[in-house]
Asker: 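The following block contains the structure, expressed as structure tokens.
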Amino acid sequence: MKIHNLRSFVICCVMMLITAGVLADGEQDLMAVLQSTAGVVQKCDACRKLKMVGTVKAVPVLSGLLGEDRVSHAACNALESIPGQEAAAALREALGKTTGLMQAQIINSIGRRGDQDAVPDLIKLLANADLQVVSAAVIALGGIGGRDAADALKKARAKAPESLQADFVDALLMCADRMRNDGDNKAAAGIYNEISEKSPSDQCRTAAYRGLVLASGDGAGELIVKALTANDCSGHNAVLPLLRDVKGKSVTRKVAALLSKVPAKMQIAIIEGLSQRGDPAAVPQIVEVLKCDSPEVRTAALRALAVLGDTSVAPVLAESASKRTGPEQEVARESLSQLKDQKVCKTLVRCLSDASPAMQSEVVRALGMRRETQAVPALLKMAGEGSEATRLVALKSLAMLGDGAIAGDLVKLLIKAGTDAERGAVEQALSAVCQRSEKPCAFVSRILDAMNGADIPVRVALLRAAGRIGGPDALKALREGNAEKDEMVRDAALRVMADYGGIESAPDLLKLAGEKEPVSRHVLAMRGYWRLVASATACSVEERVKMCEAGIVVAQRPEEKKLGLTELARLMNPAALRLARKLCADESVHNEAETACVRIAVGLLGSHADEARQALKEIAASAKNEDARAEARKAIGAD
Amino acid sequence: MRDNILTRRAFFKKAAGVVAVMAMPNIITSRALGAGGSVSASNRITMGFVGLGGQGSGHLLGGAWTYVPGGYIARDDVQVLAVCDVQKERRERAQQRCNQVYADKTGQAGYNGVRAYNDFREMLARPDIDAVLLALPYHWAAPMSMMAARAGKDVYCEKPIAVTVQEGRALVETCKRYGRVYQAGTQQRSEYDGKFRLACELIRNGRIGQLKEVYAYRQPGVYFPSEWTSDKSQPVPAGLDWDLWLGPLPWRPFAGSLGHALPGCYVGDINWGPHHYDIIQWTINPDVTSVVDIQYDGNVHYHYSNGVVLHSTAYPGERVGGEGGACFVGTEGRIAVDRSSIVSYPGGILNVPLKPADQRVYHATSHSGNFLECVRSRRQTICDPERATRTINTLISGGMTLALKRSLKWDPVKMEFVGNEQANRLLSYTPRQPWRT
């Protein structure tokens, strides 16, 4: 009677816990759930928790579930993680009590535990009639490994159906990999060899050959060469990635020697592999390949030299860059710019003296790309003495590398320059090096001094350089330039002011825009003025509205007013709204003005609700721009 | 409930039918064979696409974020042969669109060279497919990648590339064993105008001084299933192979909708986290042999042996970093980077170009382009299995501290926690038969 009551009490408690949804976290509680009449959900959840906390105590309860539909998997999941012989033994024991998928599930867990003691049982299952069970046993044996497992797998594979061959090979490869890792290369090689020679599947042969190479010690190089020279893509796939991993200079030499013997496609693959191998011993053969006829092969070689080459390949790359075109030239230039050897700068400078003009151009380009600041004197020399093409490239490099220290030299070069292109290049270099200095404006007066007595083109270039640098002296010179009689000088002064002038140029540009003739100067000044308005974020909104208003007053063409309205629409200010509303009456810009009104008014709804709503109402009622009307209606909730 | 399961036995029978599929005629025009300046058929990489949701179909057919204009189908160096999804409507729509693209391209109105599959194993059994692109529910990524590798396919796999440490380890071994090219879909290494690479190289070359702290803007994540909520299955829609969708996961009833993951299986963020933590691993370049001390205080803080501390939180006040990025703080400045922006403090750090002698990282300007190039050259991709697994292990190890709400120590060599058996028991789960992980 007492026992009966106690049992009822326990069952009631368990059921209460379950029905109340209370989680049972202690091992004992979880076991109680598993032993109860709880449903699948509760039992699976208890198994899930026992995976984390279960001990040997939980093993009998879990193993009791191994044959239970839908819970068996959860029990396996828990047992797989519980350490100790008891869990392993329980899984082995369950092998004899289950069939089909459940048995396969248990086999899988045994394999994942790496249970050596289960090998004999698993070997027996290789003869099972159920292919799912055989497949699971094969994979489990592969995972556990060992000679017995490997021998059994080899034997059973001979009689296995085609559909299981991939599993057998995979398992054997796992066994062989384990043997190799344990130092038993001979046994491993036996397995690899057999699969490599007999398997009809490319991927299996690839995997086996890879293993064979890795298990071959000093013989690896020969095997790699053999595969690369054979017409079997499985071998290529096996050994090309291994060029990264198999060590030894002799391997590098053997593989590099193949470059003269294999077809173009394989040459490219080998060069790529040698590049990843990172052994400079391959450089001579790769340089030799640059003489071949295939642009693709030469390009691969040029790319590899960036990784493997030292300073000695710098002239080779420069020569290729000077002789080749298109993508090949680009790769040569890129590789030259990436060579890591610190002596490259000296090598390149040295070879400037006897190089062809085309190669000189490439060398000075590379010195710039490489940011070789020590090369500035050599570049200055080339900028003065090289061919015209070389001079231009040298000036570009100087623009990247130089600082104010060479400003005087560049001024001299500018005075000497014979073409517009060269003057332009010096002008850009001059402004770039000055701007790189701590006090760029300090160089402006020297540049402007050089204008005295100079020809008009030189004066123009110097004025442009000074204008780009900026500062009070430059602004004064630009103002004077705009008043000059010479049209070229006036034009240059206005363009520089429009393109590069700071906010202090705004009144000048506005004044120049007010001069209606010639139209071209008006247009340039107006364009520059709106650029300044757009960039005047440091000014207050009120000041920017005033700038817009002043600009719109002098604007002549609708396009110019529209630019002004674009700026105005960014300013959430009542004065901006009033100006935009005023412009709604201008037929040439009413569309843009109405759009600007809506945008500004929407932005002001929070701070200036009355004025903003009034403007929106007007737009909603009478605007010609349909989109603006719709936006306004939406904003005031009229729709 | 298991009526529609394709058992291994059933698969063995079905596989025989693949030969018949292969034998069906497929006429290819001279253009497909290389005329008119296109890549010749023999030089094209033949591909199959598994998982045709937003990500997968974006890769296949193009989309705003897919980095390949018009998708892989538009590439001249790729021939799409197969599409696969457990949802009939998705795979048939993709098949139809692919066939239409090729019909337009080749001038063959009835082009039908793209096959649709419900069961990816049938697709993997085709020897004429070189590579597969997998955009799958999280739990399928590693098992299917390994099956593809064993079938001799090169693999592009969307993140998260594995959901357990054991899966990542097995993925590395399998790809090595079969000599396969594999790329993880952590596109930030290649795309976004090189912003992430720039940040990585500047930091590795000491431009912010010694790196001290990193802010990840995302929590890590881990596979940590919670209890079921119901044993009742909603009706499985016609055309959905629910059992195949579940695959190796423990069986659960269909809850009425499909997503990237089975609800209730994950703690933290294992979806976007890989982007953040991949870039961070790339940049920190930690000693992969040293134990990482992972502190938990509601957030996660990784303490690396080189003194760098990685926080799962945002850098206070810094907005840049939230979109797949991070903020790196050094002794002389900091750099924050994400998909939209890169900023430095002081600002000049970004303006000084790197020199040839500076340390560089793997350079690629197109993630898909890098994958295809590596398929041809057998080179390692920019995010190969080992790199991808290190990233996912960072997420999993940190995610485990979130799940267990306790600090842990992670040994990256042994790929296990130091002195915490409970956490180590969760490094794997038992796959449901007939699947392997």
Side-chain angles (χ1 to χ4, degrees), chain A residues 23 39-42 44-45 48 51-53 70 73-74 76-77 80-83 101-102 104-105 108-109 112 130-132 135-136 139 161 163-164 166 170 173-174 177 201-204 206-207 210-211 236-238 240-242 244 268-269 272-273 276 337-342 344 370-371, chain B residues 1-2 5 7-9 11-13 15-16 127 149-154 166 173-174 176-181 225-231 250-253 352-358 360 363 376-380 404 421-437:
Chain A
L23 296 177
V40 169
V41 173
Q42 288 78 18
C44 285
D45 197 49
R48 177 181 68 84
K51 181 179 176 72
M52 286 187 277
V53 301
R70 291 179 55 190
H73 174 245
C76 272
N77 191 29
E80 207 176 292
S81 298
I82 295 176
L101 265 183
M102 279 184 203
Q105 188 77 66
N108 183 34
S109 287
R112 289 161 67 88
D130 186 338
L131 291 187
Q132 291 175 108
S135 170
I139 292 156
S163 58
L164 286 181
D170 194 46
L173 288 170
M174 281 195 279
D177 285 354
S201 117
D202 280 350
Q203 64 267 25
C204 294
T206 295
R210 176 186 178 277
H236 303 161
N237 285 343
L240 285 171
L242 285 180
R244 289 191 294 266
I268 294 170
E272 176 66 44
Q276 290 182 55
S337 74
Q338 289 172 358
L339 273 181
K340 285 211 177 293
D341 195 327
Q342 292 193 338
V344 169
R370 294 176 59 83
R371 303 294 192 275
Chain B
M1 292 308 299
R2 302 180 70 102
I5 188 170
T7 62
R8 187 171 281 263
R9 182 186 292 118
F11 177 71
F12 292 138
K13 286 179 187 165
R150 285 195 288 265
K153 314 302 178 199
D154 294 326
Q166 178 268 334
E173 286 170 4
T174 306
K176 265 191 188 171
R177 181 175 299 133
Y178 285 88
R180 298 332 302 179
V181 168
S226 55
E227 63 191 323
W228 297 10
T229 51
S230 168
D231 192 26
W251 185 87
R252 298 257 179 124
V352 183
L354 290 157
K355 292 186 170 185
D358 282 334
R360 298 298 181 111
H363 185 114
R376 281 186 284 268
S377 67
R378 312 315 292 168
R379 185 186 169 90
Q380 280 173 306
L404 298 177
E421 190 202 316
Q422 191 180 9
N424 281 334
R425 288 187 182 196
L426 299 172
L427 297 178
S428 68
Y429 75 91
T430 306
R432 197 166 55 111
Q433 282 295 297
W435 307 107
R436 288 167 70 181
T437 59

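Predicted, not measured: the structure shown is a model, and the values here were computed from it. Naming convention: chains lettered A, B, ... in sequence-line order (proteins, then strands); numbering from 1 in each chain.
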Asker: What part of Ile82(A) lies closer than 4.5 angstrom to a heavy atom of chain B: side chain, backbone, both or neither?
Answerer: both
Asker: Using a 3.5 Å distance criterion without hydrogens, assess whether the side chain of Gln105(A) forms a donor-acceptor pair with backbone atoms of Gln433(B).
Answerer: yes
Asker: Examine whether an atom of Arg180(B) lies under 4.5 Å from a heavy atom of chain A, and if so say whether it belongs to the side chain, the backbone or both; otherwise answer neither.
Answerer: side chain
Asker: Taking every non-hydrogen pair under 4.5 Å, which of Gln338(A), His236(A), Gln276(A), Gln342(A) racks up the most with chain B?
Answerer: Gln276(A)
Asker: Out of Pro225(B), Ser377(B), Gly179(B), which one racks up the most heavy-atom pairs below 4.5 Å with chain A?
Answerer: Pro225(B)
Asker: With no hydrogens and no angle check, is any side-chain donor or acceptor of Arg177(B) less than 3.5 Å from a backbone partner on Asp170(A)?
Answerer: no
Asker: Could you look at Pro353(B) and say if it's the side chain, the backbone, both or neither that has a heavy atom under 4.5 Å from chain A?
Answerer: side chain
Asker: Can you tell which part of Asp358(B) gets under 4.5 Å to a heavy atom of chain A, answering side chain, backbone, both or neither?
Answerer: backbone
Asker: So what's closer than 4.5 Å to chain B heavy atoms on Ser109(A): side chain, backbone, both or neither?
Answerer: side chain
Asker: Can you say whether Gln380(B) sits under 4.5 Å from chain A via the side chain, the backbone, both, or neither, judging by heavy atoms?
Answerer: both
Asker: Shorter than 4.5 Å, heavy atoms on both sides: which option in Arg210(A), Met102(A), Arg371(A) has the most such pairs with chain B?
Answerer: Arg210(A)
Asker: What closest approach, in Å, do Asp45(A) and Ser226(B) show between heavy atoms, and which atom pair accounts for it?
Answerer: OD1-C, 4.4 Å
Asker: What part of Thr174(B) gets closer than 4.5 Å to chain A, counting heavy atoms only: side chain, backbone, both or neither?
Answerer: neither
Asker: For Lys176(B), which atoms come within 4.5 Å of any heavy atom of chain A: side chain, backbone, both, or neither?
Answerer: both
Asker: Indicate the atoms forming the closest heavy-atom contact of Pro250(B) with His73(A), along with that distance.
Answerer: CA-CE1, 3.5 Å
Asker: Could you tell me which of Val344(A), Asp177(A), Asn77(A) has the largest number of non-hydrogen atom pairs under 4.5 Å with chain B?
Answerer: Asn77(A)
Asker: Indicate the atoms forming the closest heavy-atom contact of Gln166(B) with Thr437(B), along with that distance.
Answerer: NE2-O, 3.0 Å
Asker: Any donor and acceptor pair, going by atom type alone, linking the side chain of Glu272(A) with main-chain N or O of Arg378(B) inside 3.5 Å?
Answerer: no
Asker: Nearest heavy-atom pair of Ser163(A) and Leu131(A): which atoms, and what distance?
Answerer: OG-CD1, 4.1 Å
Asker: For Arg150(B) and Gln203(A), which heavy atoms make the closest approach, and how far apart are they?
Answerer: O-CG, 3.1 Å
Asker: Output the distance between atom CD (Glu80(A)) and atom CZ (Arg425(B)), rounded to the nearest 0.5 Å.
Answerer: 12.0 Å
Asker: Using non-hydrogen atoms only, which part of Ala104(A) is less than 4.5 Å away from chain B: side chain, backbone, both, or neither?
Answerer: both
Asker: Please state whether the side chain, the backbone, both or neither of Arg112(A) comes within less than 4.5 Å of a heavy atom of chain B.
Answerer: side chain
Asker: Counting heavy-atom pairs closer than 4.5 Å to chain B, which one of Asn237(A), Leu240(A), Val40(A) comes out on top?
Answerer: Asn237(A)
Asker: Looking at Leu173(A) and Tyr178(B), what are the two nearest heavy atoms and their distance?
Answerer: CD1-OH, 3.7 Å
